[in-house]
Each structure stands twice: as structure tokens, then as C-alpha cells.
Amino acid sequence: MTMKHDNKKYIAMLGNNDEHLVHNPANNQHFDAILQATVHRRLVLKGGLGAMVATLFAPLTLTGCNDDDDSITHTAKPNETTAGNNDMGLLGFKAVPISTADTAVVPEGYATQVIAEWGRSISTPDLRYDLPFNNAEQQLDAIGSHHDGMHFFPIEGNSPDHGSSKEGLLVINHEYIEPRYMHHSAVGQALSRDDFPIYQQDAQNLRRSEDVLTELYGHGVSVIKIQQQADGQWQVSADKLNRRITGLTVMEISGPVRGSDWVKTKYSPDGTKTRGTLNNCSHGVTPWNTYLTCEENWAGYFRNRAQKTDDQPREHQRYGVTYDVSRYGWELADTPGEQEAYARFNAAPTGPDATSDYRNEPNCFGWVVEFDPFDPNSVPVKHSQLGRFAHEGVIFHPAIEGQPLVCYSGDDAMNEYIYKFISAEPYYKATASGHLLDQGTLYVAKFNADGSGEWLPLVWGQGPLQPTLDTNETADCPCFKDQADVLVNTRLAADRVGATKMDRPEWGAIDPKTGRVYFTLTNNASRGSDNSPIDTANPRPNNRWGHIIRWTEASNDPKATQFNWDIFILAGPQDDSDFANKSLDEQQIFNSPDGLWFDPEGRLWIQTDTSESLMNRGDYAQFGNNQMLACDTQHQILRRFFTGPIGQEITGVTATPDQKNMFINVQHPGATLSTDDFASGNLAGKGNWPLGGNNYARSATVVITKNDGGVIGS
Ligand code: FEO
Ligand code: CA
Ligand code: CA
């Protein structure tokens with residue numbers, strides 16, 4: 001027997017992690033932007049303003065010399081393509097065609113190896129646990145599910161980018177889970193991954209606590225030692241540094257929110273601690289060699305049924321904490337869990353004050369979390385000064401001795417914002433640590449119609465972020481009682497200062513040659529609505545395909561508060577796209593850009609996340625399975641490098657320091673398996689990567705090497 005839900009559409013969105021619904025009712029749209037948007041779009045498409053900005057800020061940019069015209073067959077087999085070419089520039093491989101095959105495809109001259117599959121033991125890496133798990137302890141001992149952002153830390157532990165290219169710690173985020181693949185209780189049941197029900201409940205509408213615990217352990221981060229063997233293959237090794245961080249790991253809260261009323265709970269009455277990190281999407285790497293894991297779609301994991309959605313406190317409502325039912329129903333566990341570890345996902349007030357219940361538990365999520373992968377006992381820290389929102393990832397400008405540290409983070413939901421942080425203290429290599437992230441200024445981006453932009457400070461007492469005697473908690477309250485309030489309610493503060501609503505900001509990347517910052521804007525079905533009119537930076541109504549925006553800080557100074565921007569690529573099919581004043585061709589078409597990374601030589605790697613509910617259907621069929629492309633931004637060459645198996649998204653990219661081993665993640669392969677096929681066990685041929693046969697698909701890492709031992713992409 002299952003619960004009745006009147007919010008089926010919402011649950012459907014939860015299942016495939018497309019939890020990017022509109023929670024922004026603010027009207028901070030600038031009329032000049034609206035009026036000029038249509039004109040600007042025409043300019044962008046014709047290379048007018050975009051080209052002007054590019055010329056001003058990228059003196060190395062050459063005139064377009066697009067890809068060669070060799071025809072590409074759509075029937076190529078995996079790994080089948082022709083030899084590299086003689087193009088100028090950074091890309092020396094031949095594009096791969098789109099693919100609908102249940103396999104990973106790389107250009108000719110390259111090879112792949114699958115490592116670090118979900119369920120591989122971290123204590124005994126020769127063991128890969130069968131699915132479903134027999135108990136929660138197996139998942140705790142195993143690599144988590146739904147791999148996302150990651151980094152290869154050379155084993156010396158001195159630098160995130162220098163050291164061994166044969167041995168290191170691979171640190172992998174696990175974004176979410178697919179409950180039906182995890183539990184024996186699910187076998188034979190009509191469970192979906194993208195529509196209710198997605199998990200089993202008993203006659204009392206409760207969930208097995210062991211299942212809930214398994215799911216909490218499936219989330220978080222894996223730290224695994226990996227080594228290249230004599231034959232060139234990579235293996236996960238047993239090591240004392242191997243570690244799982246999960247939805248239950250004890251964490252500190254730092255920065256202005258630490259100790260504030262916003263994060264006082266029954267578990268931590270002084271508001272200094274919390275448990276777990278959830279929905280860890282992309283990541284960041286600090287100059288002092290620690291890892292940042294980012295909490296993205298955490299809001300739906302909580303339920304606050306005490307008030308109807310419209311009456312929830314603003315720190316719940318503005319983020320989408322659910323009224324009806326939480327994403328995985330953890331609060332429905334048949335025991336409350338140790339110290340109410342499962343019951344805490346009910347964020348309704350149940351006691352006389354906040355230290356007697358978990359009304360503030362959602363305020364403990366939405367942060368950037370730091371830990372040292374080389375210290376297995378390090379307590380992760382949630383850095384509140386970086387803001388609370390649906391953090392996709394964090395990207396740093398290269399640290400400069402004696403200068404402030406600068407980083408960016410996108411809030412991935414429809415009509416949310418792009419943020420920048422500038423540390424208060426200067427960076428010094430000898431003393432750098434997480435304290436730099438606890439004091440400084442958080443800014444939010446305003447993209448002006450003329451190609452200029454401003455970073456607007458989110459500082460209590462400045463501009464419209466004024467204190468008030470009336471701290472009533474309504475969504476449209478313009479007032480903030482302190483800086484902790486500004487940070488817990490980062491989205492509302494950004495609304496108030498007049499930030500530009502964006503088309504779902506995902507990853508950022510910084511060109512090592514020019515310092516220019518690129519951000520993916522994956523798509524936005526609501527663009528063009530009354531609440532989200534088109535503007536110059538988000539120029540397409542019902543933005544189905546997404547685009548990539550870029551900017552250069554004034555005087556190319558990372559700490560500047562002014563910038564100049566242009567649109568780099570309008571993604572999409574051949575008849576609705578633009579790159580270097582041309583439509584994308586057959587070797588280039590893609591949609592929903594998500595993962596983004598510059599390698600040290602300046603190749604821009606672009607990963608796609610077409611929703612599995614759209615993939616290979618209708619207009620989306622022409623794009624095939626999700627893919628990764630490489631771009632030489634200087635020579636304006638773009639080419640498809642990789643296509644993944646059925647149902648997945650490609651996300652996460654890192655490499656060994658010599659750039660000869662690239663690691664990328666295949667997340668949620670087999671996601672299109674139907675409810676009926678799951679119930680009947682009819683799995684074969686429905687998406688079974690990487691094991692094949694009748695196996696459940698597993699997220700995993702793919703190692704890409706070049707057969708001649710060269711740099712990937714060269
Ligand atoms: Fe987890 Fe916005 O991707
Ligand atoms: Ca993403
Ligand atoms: Ca995405």
C-alpha cells in the first residue's frame with residue numbers, strides 16, 4: 001500500500017533529479033534588459049555584440065576556422081572512427097558520431113577502462129558487492145551511487161595538480177540514488193525511478209529503516225586510492241586513506257551562520273554541528289589541496305507538512321522544501337534512527353522550540369563542504385559564507401600570493417543566480433586554509449544588456465539588505481536581521497539586490513590562458529514567462545537547449561566588481577544554434593551543457609545532461625545519448641569526443657598531472673528502465689552498462705587514455 005500524493009508531477013521531477021523547479025517569485029528583472037533582449041539576441045547570433053566583446057577582451061582570438069567537412073557515419077561501431085587530422089590548434093582527434101548504443105565511445109586511437117563502479121568495496125577493492133545490497137553496511141563499505149564531480153589528487157598530497165600521474169586519491173561525489181536498485185525489498189515491485197512510487201512502504205506507510213540507512217550511505221563522497229598497473233590499467237587499491245563520507249557523517253558549520261539560531265537543532269542545540277551532506281553534485285579544489293563538495297538539490301529531501309507550502313518559513317519555501325512528501329521518504333522510517341537520524345527529515349515544528357525538533361535541519365544544507373582527503377579523520381566543514389543555495393560546484397581563479405582568493409558558484413535551478421566570493425584576507429601559500437572561505441564578501445551577478453556586468457555585494461546593512469525590527473518570516477520580507485540571515489536566505493538577498501535570473505547555472509571553468517570565466521546555463525523551460533522574460537544573457541524563450549556564457553573581469557583582475565560578458569555558444573540542433581557565428585554542425589550538436597573544465601593546455605571540455613525523460617525522443621533524438629565535447633576556444637574548433645551509454649549523463653572530469661589519463665563519470669546509466677520491466681526483472685538490453693547481461697546498471701568512472709601515450713585531446 002502506498003501513500004496518496006497530490007503532487008505527482010513534483011515526485012516525477014524528483015526521481016530523475018531534475019529538481020530545478022521555479023522557486024523564485026521575485027520581480028527583479030530590469031526593464032532595459034527586457035526591452036533590448038530581442039535586439040541583443042539578434043546581435044549575439046550575428047556575432048555583433050558578442051564578437052565585439054570577444055575582440056575587446058580576447059586579443060588572442062582568431063577568426064573562425066571551423067571543423068573539417070569529413071562526413072560522419074551514424075552507424076559507426078563503438079571505438080570506430082578515423083585517424084586524427086592536421087588541424088591547427090589543440091584538438092587532434094576525429095569527432096565521434098552521436099550514439100544510441102549502450103556503451104562508451106571514444107575516438108580512434110583512444111581506449112577506455114571502467115573503474116570505481118557503484119558497489120565496489122573500498123576496504124577490499126577486489127570485491128564488487130552484488131546488487132541489491134544485503135544490508136546497509138555493505139553500502140557503507142562501498143563506493144556510493146550516481147557519481148558526479150571529482151578530482152584526482154596526486155599521491156604526494158602537496159598540490160591538487162602536480163605530482164604523480166601513476167598514483168593518487170580519486171575523490172568522487174555521489175549525487176543521488178536509485179532506491180529500487182538498492183534493496184531486496186524492491187525486487188519484483190512496480191517501482192519507478194521517475195514517478196511515484198520510487199520506494200517500498202509497508203501497510204502503515206512506513207519504510208524499512210535498514211533501507212533508509214542504505215540510502216543515506218549511498219550518498220556523499222568516496223575517497224579511493226587508485227594506481228596504474230604495469231599494463232597501463234588502473235585499479236582501486238586498499239588503503240588507509242580510503243573513506244566514505246555519507247548522509248550521516250558528522251560535520252562542523254563555519255562562518256557567520258555557525259552558532260546562529262538558524263542552525264540550532266535538537267542534535268546541535270548550539271548550532272555548530274550537523275550530520276551528513278546530500279545531493280553532492282559538482283565540486284571544487286582549493287589551492288591548499290582540499291576538496292569541496294557541493295550540496296545541490298537537498299531541499300526536496302525534507303518535508304515540512306506543518307504549514308502548507310505557501311506558509312512555510314522563507315528559508316524553506318524559497319528553496320523548495322516539500323509539503324506533501326520528501327524525495328525518498330526517509331522521515332517515514334519505521335524507527336527514528338540513532339539520535340533521530342531519519343526522523344530529522346521531517347522539518348515541521350513538533351516541539352516547543354528549535355532545540356527540541358528539526359525545524360532548522362534544512363538550514364544545515366545547501367552549503368559548500370570542505371574536507372582534507374589526505375586526513376581520513378578530518379571533520380568536514382560547511383562554509384556558510386559561500387552562501388546557501390543549490391550549489392552546483394565551486395571554481396577558483398588561480399591563487400596569487402598576497403591577493404584575495406576568488407571563486408564562483410552557480411545556483412542550479414530555473415531563474416537562479418551566479419555568485420562570486422572574494423576572501424577578506426589575502427592568500428599566502430604558507431598559511432592558506434579553509435579560514436579564507438569564512439571571511440569575505442559574497443557577490444551575485446547582474447548581467448547588463450550592453451554586455452557589461454556587475455557583482456552586487458550580499459552584505460547585511462548594505463544597499464537593500466537592511467536590518468529590521470519586524471523579522472516576520474514571509475517569502476517577500478525584504479529584511480534581514482544579521483549576516484547569518486542573509487546567508488541562510490542567500491536567494492532572497494540576491495533577489496533584493498537585483499541579480500539577473502539565469503537559465504540554470506551549472507559548472508564554471510576558467511581559461512588558464514586568458515583568465516576568462518565560462519559558465520554553462522543548461523536550459524530553462526520557464527524562460528519567456530511573465531516571471532522570467534527573456535533578457536540579453538538568457539535570450540531564448542523556452543530555452544530547451546541551453547547555452548554557455550563567459551565573462552572577463554575588469555582589467556582582468558579577479559577581484560574586480562565589474563565585468564564584460566558575451567554568449568560563447570548557443571547549444572542546440574543545426575537549425576537553432578550558434579558557435580563562432582555559425583550553426584553547430586553534425587559533429588558538434590549538443591544540448592543541455594552541464595559539466596565544464598579547462599585542461600591546463602586550454603582545451604575546454606563540455607559535458608551534456610539531456611534529461612533521460614527527453615533523451616532520444618522527439619526533437620532530442622538527433623542528439624543521441626549524452627556526450628562530451630572538446631573545444632579549442634582560441635581557434636574556435638569544437639568537436640564531439642565521447643558518447644556514453646543508455647540513460648546516463650556524463651559529468652565529472654579530471655586528469656592526471658601529465659594529462660595522459662582522463663577520468664570522467666557516467667551517472668545514472670540505465671535510467672530509462674521502465675517500471676514494468678523492473679517489476680518483471682526484464683532488464684537485458686534496457687541499459688545495463690557497464691556489466692551488461694541482465695545486471696542493474698551502475699554509475700562508474702571511465703578512464704580515457706590515448707594509445708600512443710599522448711595528452712588526451714591532442
Ligand atoms: Fe547536479 Fe545541476 O546538476
Ligand atoms: Ca550537473
Ligand atoms: Ca544537469
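Along the sequence shown, residues carry numbers from 1. When a ligand or atom number is given, it counts from 1 through the structure's own listing order.
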S.K.: In sequence, state the C-alpha distance, the side-chain angles, and the governing distance for R550 and D566, and then conclude on salt bridge (Lys or Arg N to Asp or Glu O under 4.0 Å).
M.R.: CA-CA 6 Å; R550 62 181 179 176; D566 72 322; 2.9 Å; yes

S.K.: Below 2.8 Å, any N, O or S contact between E392 and atom 2 (Fe) of ligand 1?
M.R.: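 So E392 does bind atom 2 (Fe) of ligand 1 by this criterion.
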
S.K.: State the atom name: nearest N, O or S atom of E175 to atom 1 (Fe) of ligand 1.
M.R.: OE2

S.K.: Does E506 bring an N, O or S atom to within less than 2.8 Å of atom 2 (Fe) of ligand 1?
M.R.: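 True for E506.
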
S.K.: Is it possible for you to check whether R327 lies under 6.0 Å from the centre of the six-membered ring of Y176, through NZ or CZ, and within 45° of that ring's axis?
M.R.: yes

S.K.: Parallel, tilted or perpendicular: which describes the rings of F152 and F663, with under 30° parallel and over 60° perpendicular?
M.R.: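 Taking F663 first and then F152, their aromatic rings lie parallel (interplane angle under 30°).
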
S.K.: To make sure I understand the geometry: which N, O or S atom in E296 is closest to atom 1 (Fe) of ligand 1?
M.R.: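 It is OE1 of E296.
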
S.K.: Quick one: pull up NE2 in H383 and NE2 in H391 and give me the separation to the nearest 0.5 Å.
M.R.: 11.0 Å

S.K.: Any idea how F623 and W545 line up, ring-wise: parallel (<30°), tilted (30 to 60°), or perpendicular (>60°)?
M.R.: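 Ring orientation of F623 relative to W545: tilted.
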
S.K.: Taking the N/O/S atoms of D412 one by one, which is nearest to atom 2 (Fe) of ligand 1?
M.R.: OD2

S.K.: Look at the rings of W298 and Y319 and say which category their plane angle falls in: under 30° parallel, 30 to 60° tilted, over 60° perpendicular.
M.R.: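 Geometry flag for Y319 against W298: tilted rings.
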
S.K.: Taking the Ca ion (ligand 2) as the centre, how many protein N/O/S atoms fall inside a distance shorter than 3.0 Å?
M.R.: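 Considering protein N, O and S only, the Ca ion (ligand 2) has 4 within range.
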
S.K.: Looking at F678, I'd like to know if the NZ or CZ of R180 sits under 6.0 Å from its six-membered ring centre while staying within 45 degrees of the ring's axis.
M.R.: yes

S.K.: Identify the residue among W507, W551, Y518, F563 that makes a ring pair (Phe, Tyr, Trp, His ring centres under 6.0 Å) with Y408.
M.R.: W551

